[in-house]
Amino acid sequence: MGEDVWKIIEEEVERPSIFKSKESLTPEYIPDTLPHREKELKELASYFKHLVSSPGSFSQRVLLIGGVGTGKTATARVFGRDFTRYALTKGYKVKYAHVNCHSNRTLYNVVADMSRQLNAPLPSRGLSAREMFEALLTYLDETDQYAIISLDEFHYFASLAGRDAVYFIVRAYDVFETPVKRLNFIFISQDTAKLSLLDPSLESYLLRHMIKLEPYTSAQLLDILRYRASKAFYEGTYDDTVLKFIADYEGHDKGGGGNARHAIEVLMIAGVMAENEGAKRITLEHARKAIMKISRDIVNVSEAINYSSLHELLILLAAVRLLRRTGNPYVKIGDVEKEYELVCETLGQQPRRHTQVYEYVMNLKKAGVIEAKSSGKGMKGRTTLIGINYGPLDMLEQYLLDLIKRKIAIGAT
Ligand SMILES: Nc1ncnc2c1ncn2[C@@H]1O[C@H](COP(=O)(O)OP(=O)(O)OP(=O)(O)O)[C@@H](O)[C@H]1O
């Protein structure tokens, strides 16, 4: 090996890193603890405590609801990991499986994944979902084990697998009346509206035991970031100002999405940027650049948005807020108009008249900023539906609010 190459390798290998553990910031990583989710973990423990007091007496079903990045997956996984350990100290074999319904959208795939994760022997000959489920129950009986299964992104399953499949999973023990009930479920979804396509009786059954995760405030995100940063970076390579900046940007109370995934992603990207530059510390500038980097979707349409007039932006902001609040892909123009009036009021602007609002909506459509279409003939007649095909909406909302405030400040119309 040439001396030059040797030097390059040596320099690179010995270059001090700011990362102690980059893996600990990846989405797959399950943290040791979850600051600000203690109450929800306690609720889960309460719902599943029969597994260590009278296991098998009944089968529990809990619905875990919360917006994007509110820690649904992490809460379920951390609970599953620690509850199974606790149960073992009490002499009970409780297993945990986490099934993602986005990648397993049929009853067959869901049951197969459950069985695989619980180490149940999968017969080689083709079984039906129902037969496989029975085989799983037999295996749990024979090995005297219990299980908690999380079905993450359950709304995918609910919308694609069909009513019978959903009924089968949710009310399994009405079908298989075994004396000892070994399977328990956590159904995870973003909001209850997404489950409204279920049979009403099934929906109300699911809603009986519900835990709702609220978006994080900036103070909560700051605690989360402090904890996650202490695991990921060496001491002295970051400071609280940077963490606070990210937490304030993302905090729900400050107009952000309250999304821990975004906050952690920004921190990770800021760290990688600092490291690539050979910097010894993560600076505010790194955090700013990281935020810009993950808002690239907004940047793509930002030109059209920047050219929009003040009231077009106010309407757009109203639409974004409604879309976020309802979680629906489209919102009615009438509702947007009402929200627009509220937005105007809070920002001290005089709302425009109805016909003018309609014209602005059409302008936004022409500019490719929104999608607007007719609802078709519904029960209450035709209306225009508004949707936005890019995101993330939380960032778009923040972006719009900043832009609007700047426009107002300089007196632009
Ligand atoms: N309270 C917390 N403390 C530490 N880390 C957290 C906390 N809440 C969430 N996180 C982290 O934030 C990221 C996003 O969390 P998670 O995937 O659980 O959110 P989610 O609600 O399931 O999101 P989605 O709806 O997109 O599936 C993960 O990396 C998770 O470890």
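Order of appearance sets the numbers: ligands from 1, and atoms from 1 within every ligand.
Protein heavy atom at the shortest distance from atom 3 (N) of ligand 1 is P35 CD, 3.2 Å. Of the protein's non-hydrogen atoms, the one nearest atom 10 (N) of ligand 1 is A260 CB, 3.8 Å. Of the protein's heavy atoms, T73 OG1, 2.7 Å lies nearest to atom 22 (O) of ligand 1. Of the protein's non-hydrogen atoms, the one nearest atom 16 (P) of ligand 1 is G71 CA, 3.8 Å.
The ligand atoms of ligand 1 that sit less than 4.0 angstrom from a heavy atom of V68 are 25 (O), 26 (O). Atoms of ligand 1 lying under 4.0 Å from at least one heavy atom of G67, given by number and element, are 21 (O). Within ligand 1, counting atoms from 1 as listed, the ones closer than 4.0 Å to a heavy atom of T70 are 19 (O), 21 (O). Near P31, with a cut-off below 4.0 Å to any heavy atom, the atoms of ligand 1 are 31 (O). Of all the atoms in ligand 1, the ones that sit under 4.0 Å from a non-hydrogen atom of Q190 are 25 (O).
Geometrically, ligand 1 and Y216 share a nitrogen or oxygen pair separated by less than 3.5 Å. Distances between N or O atoms of K72 and those of ligand 1 include at least one value under 3.5 Å. Between H36 and ligand 1, not a single N/O pair is under 3.5 Å apart. For R261, a nitrogen or oxygen atom sits less than 3.5 Å from a nitrogen or oxygen atom of ligand 1, counting backbone and side chain alike. Considering backbone and side-chain atoms alike, R228 places an N or O below 3.5 Å from some N or O of ligand 1.
Between R325 and E339 there is a salt bridge, since at least one side-chain N of the basic residue sits less than 4.0 Å from a carboxylate O of the acidic one. The pair K39-E43 counts as a salt bridge, with a side-chain nitrogen and a carboxylate oxygen less than 4.0 angstrom apart. Electrostatic pairing of D402 and R406 does not count as a salt bridge here, judged by no charged N lying under 4.0 Å from a carboxylate O. Look at D223 and R226 and you find a salt bridge, because one of the NZ, NE, NH1 or NH2 atoms lies within 4.0 Å of a carboxylate O, short of that distance.
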* **Verdict with reasoning, H50 to F58, per ring pair (Phe, Tyr, Trp, His ring centres under 6.0 Å)** => CA-CA 8 Å; H50 71 287; F58 70 99; 4.0 Å; yes
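Environment of CZ in F19: crowded, with over 12 heavy atoms of neighbouring residues, nucleotides or ligands closer than 6.0 Å. By the neighbour-count criterion of 12 heavy atoms within 6.0 Å, atom CD of E235 is sparsely surrounded, having that number or fewer from other residues, nucleotides or ligands. No more than 12 heavy atoms of other residues, nucleotides or ligands sit less than 6.0 Å from atom NZ of K244. Remark: K42 NZ is loosely packed, at most 12 non-hydrogen atoms of other residues, nucleotides or ligands lying under 6.0 Å away.
For E153, no heavy-atom contact with ligand 1 is shorter than 4.0 Å. Only the side chain of I224 comes within 4.0 Å of ligand 1, counting heavy atoms alone; its backbone N, CA, C and O stay farther away. Residue contacts with ligand 1 for I264 involve side-chain atoms from C-beta outward but no N, CA, C or O (heavy atoms, distance under 4.0 Å). For A74, heavy-atom contacts with ligand 1 shorter than 4.0 Å involve the backbone as well as the side chain. The proximity of Q220 to ligand 1, defined as any non-hydrogen pair under 4.0 Å, does not occur for either the backbone or the side chain.
Distances shorter than 4.0 angstrom occur between a heavy atom of G69 and an atom of ligand 1. Ligand 1 lies nowhere less than 4.0 angstrom from a heavy atom belonging to A263.
Distance check on atom 14 (C) of ligand 1: some protein heavy atom falls below the 4.0 Å cut-off.
When all heavy atoms are compared, the tightest approach of Y360 to S309 is CE2-OG, 4.1 Å.
Between E40 and F79 there is no side-chain heavy-atom pair separated by less than 4.5 Å.
Remark: the Y96 side chain and the S150 side chain contain an N/O donor-acceptor pair separated by less than 3.5 Å. Residues E371 and Y330 bring a donor and an acceptor atom of their side chains to less than 3.5 Å of each other.
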